[in-house]
Every structure is written in structure tokens, then in C-alpha cells.
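Worth saying up front: this structure is predicted, and the values here are computed from it rather than measured. Naming: A, B, ... by sequence-line order, numbering from 1 per chain. Keep in mind that the numbers below use all heavy atoms, side chains included, and drop hydrogens, waters and symmetry copies.
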2 protein chains.
Amino acid sequence: MSPEVPDRLSLTLNALADPTRRAILARLSLGETSVNELAEPFEMSLPAVSKHLKVLERAGLISRSRTAQWRPCKLEPEPLKEVDMWLRDYRKMWEQRLDRLEAYLKELQAKETQAQSAKPKDDNTKDGEIK
Amino acid sequence: MSPEVPDRLSLTLNALADPTRRAILARLSLGETSVNELAEPFEMSLPAVSKHLKVLERAGLISRSRTAQWRPCKLEPEPLKEVDMWLRDYRKMWEQRLDRLEAYLKELQAKETQAQSAKPKDDNTKDGEIK
DNA sequence: CTCATTATTAACTGATTGGTTAAATAAAGC
DNA sequence: GCTTTATTTAACCAATCAGTTAATAATGAG
């Protein structure tokens with residue numbers, strides 16, 4: 001029933017969950033730019049880009065100044081910092097997972113070496129890549 | 001016209017852009033759980049939670065096993081790692097910004113000290129925290 | 001003042017989202 | 001085989017989203 005205003009982090013993540021918007025941010029990381037220039041690489045109308053910019057602005061990811069009829073956009077990294085902070089708590093999880101993989105590989109290698117001591121041939125363990 | 005399958009990062013960020021889903025992940029960071037238990041803290045129907053889980057699963061953020069009629073969910077941190085990697089390129093931006101703030105504060109402090117040299121009183125500059 | 005340029009707003013559309021309730025499925029217990 | 005428990009699917013709905021085209025606003029140039 002209430003209009004339900006979303007929290008800042010949700011606003012930010014939602015803004016980031018679109019490849020066009022991320023591309024815009026990537027472009028802006030190189031420096032301030034006008035809307036037209038931002039829109040140029042995309043095959044969509046200017047109003048569409050304008051809407052994306054509004055989403056980014058609402059999330060605080062960009063700010064806009066005004067020079068003549070241009071409204072140059074500027075990247076504001078603060079919300080990204082918040083995403084980073086949210087991620088922090090989970091970071092240890094994939095690191096831990098890597099640790100376990102590493103341990104497993106070490107164990108495997110130990111077993112291999114042991115087996116090879118009987119019939120020594122070429123070593124096949126070279127990379128920890130999964131996929 | 002084409003169904004337009006979204007890239008993995010967009011899928012992940014979109015899944016994260018919802019407080020309910022983030023809360024589910026937070027709960028799962030404590031360990032595997034059943035759907036009912038996951039749903040318990042929320043005042044929404046079970047099917048609604050089930051849908052949220054499907055979004056998380058589609059993004060690869062959770063996996064599900066099966067024991068009897070239970071389908072315990074488990075957190076899969078891999079996609080979070082990808083978000084972290086995406087963030088990496090921007091991380092220097094807010095750090096840089098902090099650096100600039102620091103430099104500014106140092107400069108301010110220098111000016112203050114200079115001013116204080118005439119009328120020396122207590123030092124008020126202590127922390128670089130913003131908010 | 002008029003025109004060209006830059007960008008936004010309005011009005012519309014179809015697709016997706018996030019929720020609902022009711023029905024269906026799956027497995028285990030008796 | 002029926003019942004209970006756990007969970008998903010189906011069908012529906014209102015709200016939001018992502019795009020469109022057409023109209024509007026703001027500014028500077030001539």
C-alpha cells in the first residue's frame with residue numbers, strides 16, 4: 001500500500017544490473033561527457049539513454065552539471081563503495097573456497113607423487129582452473 | 001524480437017538488487033537451509049520466496065540438493081566474485097577520491113596550524129571520516 | 001527574433017516483476 | 001493406499017521497466 005521507497009543499495013545494484021548502464025559508467029570512468037556522446041555507441045534512441053541516465057542519477061552513480069545546452073555527466077563512485085562494503089562479508093567465502101581447492105589439489109598432488117614413486121612418468125598436474 | 005538472454009553479471013546484479021534476496025543470501029551464509037526455514041522471517045507467501053530462490057538459482061548464487069521432500073539451498077559465492085572483479089576497475093576511483101580529501105584536509109590543517117601560530121589553542125583536526 | 005543543437009518530458013506499448021491464492025507434485029509415515 | 005509435510009507450478013493482477021515517437025524546453029549563434 002505504501003509507495004515503498006527502495007534502499008540505496010538496492011537502487012544501486014538495480015542500476016548496475018543493465019549492460020547499457022554499466023557501459024555508460026565505463027565510458028564515464030574515462031571522464032565527463034555529454035549525453036549525445038554517451039548515447040553514440042548504442043543503437044537506441046536518445047530518450048532511452050536519457051532514461052538510463054536518470055536511473056544512474058537516482059542511484060547517485062552519476063551527477064550532472066550544466067554548460068550551455070549540454071548536461072555533462074560525471075561518475076560518482078560513492079555508491080560503488082557501498083556495494084564493495086556489502087560484498088566484503090562474502091569475500092572470505094570464495095577465498096575460503098579457493099583455499100579448500102588448493103588444499104585438495106595439494107593432497108591430490110601428494111597422492112600422485114606417492115603413486116609416481118612406484119612408476120615415475122610425466123607430471124600431469126599443472127593448473128588449478130575449474131571450468 | 002529475440003528472447004535476449006542476459007549476461008551473467010547482469011543476472012547476478014539483478015538478483016542482488018532485492019533486499020529479500022540479499023537477506024536470503026545472508027541467512028545462507030550461515031549454512032544450508034530448507035525453503036520453509038528461509039521463508040520464515042518474511043511476511044510473504046511461500047511461493048513468493050520460491051520465486052526469489054529461482055532468481056537466485058538462475059544467477060548461480062545458490063544451488064539446491066534434495067533430501068526427502070526438502071530442497072536445501074546452499075550459497076554459491078562464485079558470481080559474487082565476478083561482481084567483485086567488475087568493481088575492481090572502479091575501486092581506485094573512490095580511493096583516489098579519499099586521497100584527494102586527505103590531501104585537502106592536510107592542506108587545511110597546514111593553514112590552521114599557520115593561523116594558530118599567532119593564537120595557539122586546541123587542535124580540532126583528528127579524523128578523515130566523511131559521513 | 002528565428003534557427004540549430006542538446007536534452008528532457010509526454011504518451012504510449014509490450015514484457016517483466018513481485019506478489020497473491022489455489023492446485024499439483026514429491027516423498028515419507030502410518 | 002491415504003495423509004501429512006515440503007515445495008513448486010499455474011493463473012492471475014497491478015506496478016514497473018525499457019523501449020518507441022512526437023512534442024517541449026533551454027541555450028547560444030547569427
Side-chain angles (χ1 to χ4, degrees), chain A residues 1-25 27-28 31-59 61-74, chain B residues 1-25 27-28 31-59 61-74:
Chain A
M1 273 98 215
S2 50
E4 193 64 43
V5 49
D7 58 295
R8 215 169 119 77
L9 186 54
S10 296
L11 222 49
T12 303
L13 289 166
N14 179 60
L16 296 177
D18 181 289
T20 303
R21 289 194 287 260
R22 286 199 306 278
I24 288 174
L25 290 186
R27 170 65 190 81
L28 286 179
E32 273 183 73
T33 323
S34 73
V35 177
N36 264 306
E37 202 172 330
L38 278 174
E40 200 273 319
F42 306 107
E43 42 178 37
M44 75 177 71
S45 66
L46 215 61
V49 173
S50 194
K51 279 187 182 183
H52 281 304
L53 290 176
K54 208 188 292 197
V55 173
L56 290 169
E57 189 176 29
R58 217 166 81 87
L61 282 161
I62 65 169
S63 63
R64 286 140 127 174
S65 48
R66 165 151 238 163
T67 344
Q69 66 266 56
W70 289 273
R71 262 153 244 194
C73 300
K74 189 171 146 227
Chain B
M1 271 102 210
S2 51
E4 193 63 40
V5 50
D7 60 294
R8 215 170 119 75
L9 187 53
S10 296
L11 222 51
T12 303
L13 289 166
N14 180 59
L16 296 178
D18 181 291
T20 302
R21 290 196 286 263
R22 287 199 306 278
I24 288 174
L25 290 185
R27 170 65 191 80
L28 286 177
E32 272 183 76
T33 323
S34 73
V35 177
N36 263 306
E37 201 171 330
L38 278 176
E40 200 271 321
F42 306 105
E43 43 177 37
M44 74 176 72
S45 68
L46 217 58
V49 172
S50 194
K51 280 187 180 181
H52 281 303
L53 290 176
K54 206 189 290 198
V55 174
L56 290 169
E57 189 177 29
R58 215 165 83 86
L61 283 161
I62 65 169
S63 64
R64 285 140 128 173
S65 48
R66 163 151 239 163
T67 344
Q69 65 268 54
W70 289 272
R71 262 154 243 195
C73 300
K74 188 171 146 227

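The rotation axes computed at either terminus of the helix from dC1(C)-dG30(D) to dC30(C)-dG1(D) lie 10° apart, taking five pairs at each end and rounding to 10 degrees.
Residues Thr67(B) and Pro72(B) share a closest heavy-atom pair of OG1-CG, 3.7 Å. Shortest non-hydrogen contact noted between Ala59(A) and Leu11(A) is CB-O, 3.8 Å.
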Problem - Derivation and outcome, side-chain contact (heavy atoms from CB on, under 4.5 Å), residues Leu38(A) and Leu28(A) - result: CA-CA 8 Å; Leu38(A) 278 174; Leu28(A) 286 179; 4.0 Å; yes
Exercise for the section: Report the C-alpha distance between Leu16(B) and Leu25(B) in whole Å, list the side-chain angles of each, state the deciding distance to 0.1 Å, and finish with yes or no for side-chain contact (heavy atoms from CB on, under 4.5 Å). Expected result: CA-CA 9 Å; Leu16(B) 296 178; Leu25(B) 290 185; 3.5 Å; yes
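For the pair Pro6(A) and Arg58(A), the minimum side-chain heavy-atom distance is below 4.5 Å.
Taken to the nearest 0.5 Å, the CG atom of Leu53(B) stands 11.5 Å off from the CG atom of Leu61(B). Note that CD1 of Ile62(B) and CD of Glu32(B) are 10.5 Å apart. Values are rounded to the nearest 0.5 Å.
The CD1 atom of Ile62(A) sits 12 Å away from the P atom of dA7(C) (whole-angstrom rounding). Atom CG in Leu11(B) sits about 10 Å away from atom P in dT17(C), given to the nearest Å. Met44(B) places its CE atom 16 Å from the P atom of dT17(C), with the value rounded to the nearest Å. Separating the CD atom of Glu37(B) from the C1' atom of dA6(D) is a distance of 13 Å, rounded to the nearest angstrom. For Leu46(B) and dG18(C), the CG to P distance is 17 Å, given to the nearest whole Å.
For the side-chain contact (heavy atoms from CB on, under 4.5 Å) with Leu56(B), the qualifying choice from Ile24(B), Thr12(B), Asp18(B) is Ile24(B), the only one to do so. Each of Arg21(B), Lys51(B), Lys74(B), Arg64(B) was checked for a salt bridge (Lys or Arg N to Asp or Glu O under 4.0 Å) with Glu57(B), and the lone residue meeting it is Arg64(B).
Taking the salt bridge (Lys or Arg N to Asp or Glu O under 4.0 Å) definition, one finds that Arg71(B) meets it with nothing, sequence neighbours left out. Annotation: side-chain contact (heavy atoms from CB on, under 4.5 Å) contacts of Arg22(A) (sequence neighbours excluded): Pro19(A), Asp7(B), Leu9(B), Ser10(B), Leu13(B), Trp86(B).
When the side-chain nitrogen and oxygen atoms of His52(B) are compared with OP1 and OP2 of dT17(C), none of them lie within a distance under 4.0 Å. Side-chain N/O atoms of Asn36(A) include none lying less than 4.0 angstrom from OP1 or OP2 on dT5(C). Dashed line: the shortest gap from a side-chain N or O of Ser45(B) to OP1 or OP2 of dG19(C) is not under 4.0 Å.
Take the nearest nucleotide of DNA chain D for Glu43(A) and for Arg58(A): the residue whose nucleotide is more 5' is Arg58(A).
Shown for residues 13-25 of chain B: no residue has heavy atoms falling under 4.0 angstrom of DNA chain D. DNA chain C lies under 4.0 Å from at least one heavy atom of each of the following residues of residues 65-73 of chain B: Arg66(B), Ala68(B), Gln69(B).
The backbone N or O of Glu37(A) lies less than 3.5 Å from a partner atom in the side chain of Ser34(A), making a donor-acceptor pair. In this structure, Ser65(B) contributes its side chain and Ser63(B) its backbone to no donor-acceptor pair below 3.5 Å.
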Polar atoms only, N or O, under 3.5 Å: list the protein pairs with nucleotides 9-15 of chain C and their distances.
residue, atom, partner, partner atom, Å
dT9(C), OP2, Lys54(A), NZ, 3.0

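Closest to the side chain of Ala48(B), out of dT8(D), dG19(C), dT20(D), is dG19(C).
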